[in-house]
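Atom set for the values below is all heavy atoms of this structure, side chains included, hydrogens, waters and symmetry mates excluded.
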Amino acid sequence: MYANHYLDVEEKEVTLEGVENTTIRWLISPKVGAKNFAMRYFVIKKGGTIPIHQHDWEHEIFVVKGEGYLTTDGKNLIKAVPGSFFYVPPNEPHGYINEDSETFEFLCIIPAKKEAIPESEWGE
């Protein structure tokens, strides 16, 4: 078993193109022995965004704190509040926006696939 507290996991700036004011903590990944799924903790600060993108894997999202929006086209926004959860199918365009909250914080679970997880999270 692996146990930890999210605040004890390094918080890193997301440096992908178009991402603004967003951090990630890799809570569970192959680095700690997970073979099937990875769990990430995102914080999008006020005014931050993860632009619309898509990939070959699904996401499961659970909102922990703050409010924000998910979108599939940049025009239609789906409000996300604490307790909201979302399933994003593979290859579906999606993006995240925090317009008003101090922080918009959520868990995001993805499959443990080489193309989805950075090399640093695969361990030795």
Side-chain angles (χ1 to χ4, degrees):
M1 180 184 297
Y2 172 76
N4 205 343
H5 191 277
Y6 87 103
L7 292 176
D8 294 330
V9 175
E10 182 181 5
E11 183 176 28
K12 300 175 183 177
E13 288 291 325
V14 177
T15 57
L16 299 173
E17 186 177 340
V19 176
E20 297 177 9
N21 299 323
T22 301
T23 62
I24 186 173
R25 295 176 197 260
W26 286 88
L27 304 182
I28 298 172
S29 68
K31 187 176 184 177
V32 300
K35 305 237 184 283
N36 298 304
F37 301 99
M39 180 187 297
R40 308 168 302 167
Y41 192 95
F42 283 93
V43 175
I44 303 177
K45 297 172 188 85
K46 189 174 186 175
T49 185
I50 299 174
I52 296 172
H53 61 286
Q54 65 188 65
H55 25 65
D56 293 335
W57 53 88
E58 65 186 53
H59 291 24
E60 286 80 26
I61 297 162
F62 184 83
V63 179
V64 177
K65 182 179 178 184
E67 296 181 357
Y69 299 93
L70 276 73
T71 184
T72 58
D73 60 9
K75 297 174 187 151
N76 297 303
L77 304 177
I78 303 165
K79 184 135 186 178
V81 299
S84 297
F85 60 92
F86 301 87
Y87 167 67
V88 180
N91 298 307
E92 181 172 295
H94 58 285
Y96 309 85
I97 302 164
N98 178 359
E99 294 179 341
D100 303 315
S101 279
E102 199 60 38
T103 61
F104 172 37
E105 303 181 25
F106 56 92
L107 290 168
C108 181
I109 299 168
I110 59 172
K113 297 174 73 167
K114 282 285 188 188
E115 57 273 24
I117 297 174
E119 193 63 38
S120 61
E121 290 302 320
W122 286 91
E124 307 286 326

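Looking at P90 and E58, their side chains come closer than 4.5 Å, going by heavy atoms from C-beta outward. Within the 4.5 Å cutoff, the side chain of L27 has heavy atoms near those of the L107 side chain. Under the 4.5 Å side-chain criterion, counting only non-hydrogen atoms from C-beta, I44 is in contact with F106.
Residue pairs meeting the side-chain hydrogen bond (donor to acceptor under 3.5 Å, both in side chains) criterion with at least one member in residues 70-87, sequence neighbours excluded: E67-K79, T71-D73, D73-N76.
More than 12 heavy atoms of other residues, nucleotides or ligands sit less than 6.0 Å from atom CD of E60. The environment of NZ in K113 is crowded: more than 12 heavy-atom neighbours from other residues, nucleotides or ligands sit within 6.0 Å.
Between W57 and H55, the ring planes are parallel. Angles under 30° get that label, and only those over 60° would be called perpendicular.
Judged by distance alone, with hydrogens and angles left aside, the side-chain atoms of H94 form a donor-acceptor pair with the main-chain N or O of E92 at under 3.5 Å. Judged purely by atom type and a 3.5 angstrom limit, H59 has no side-chain atom pairing as donor or acceptor with the backbone of I61.
Atom-to-atom distance recorded for W26:CH2 and K12:NZ is 9.0 Å, nearest 0.5 angstrom. The CD atom of E105 lies 8.5 Å from the CZ atom of R25; values are rounded to the nearest 0.5 Å. To the nearest 0.5 Å, the span separating OG on S29 from OH on Y2 amounts to 8.0 Å. With rounding to the nearest 0.5 angstrom, the NZ atom of K46 is 8.5 Å from the OG atom of S101. With rounding to the nearest 0.5 Å, the separation of OG1 in T22 from CZ in F104 is 10.0 Å.
A side-chain contact (heavy atoms from CB on, under 4.5 Å) with T103 is found for exactly one of T23, N21, V43, namely V43. Screening F42, Y41, Y6 against V64 for a side-chain contact (heavy atoms from CB on, under 4.5 Å) leaves a single residue, Y41.
Transitive grouping of hydrophobic side chains (ILVMFWY, heavy atoms separated by less than 4.5 Å) keeps I109 and W122 in distinct clusters. Transitive grouping of hydrophobic side chains (ILVMFWY, heavy atoms separated by less than 4.5 Å) keeps F62 and Y96 in distinct clusters. In terms of hydrophobic clustering, with Ile, Leu, Val, Met, Phe, Trp and Tyr side chains grouped at heavy-atom distances under 4.5 Å, F86 and L77 are assigned to different clusters. The cluster map of Ile, Leu, Val, Met, Phe, Trp and Tyr, joined by side-chain heavy atoms under 4.5 Å apart, puts L7 and I28 in the same cluster. When hydrophobic clusters are built by joining Ile, Leu, Val, Met, Phe, Trp and Tyr residues whose side-chain heavy atoms come closer than 4.5 Å, directly or via intermediates, F37 is not grouped with V88.
Nearest heavy atoms, G18 versus T49: O-CG2, 3.9 Å. Shortest non-hydrogen contact noted between I52 and G74 is CD1-N, 3.1 Å. The two residues I117 and A112 have their closest heavy-atom pair at CD1-CA, 3.5 Å.
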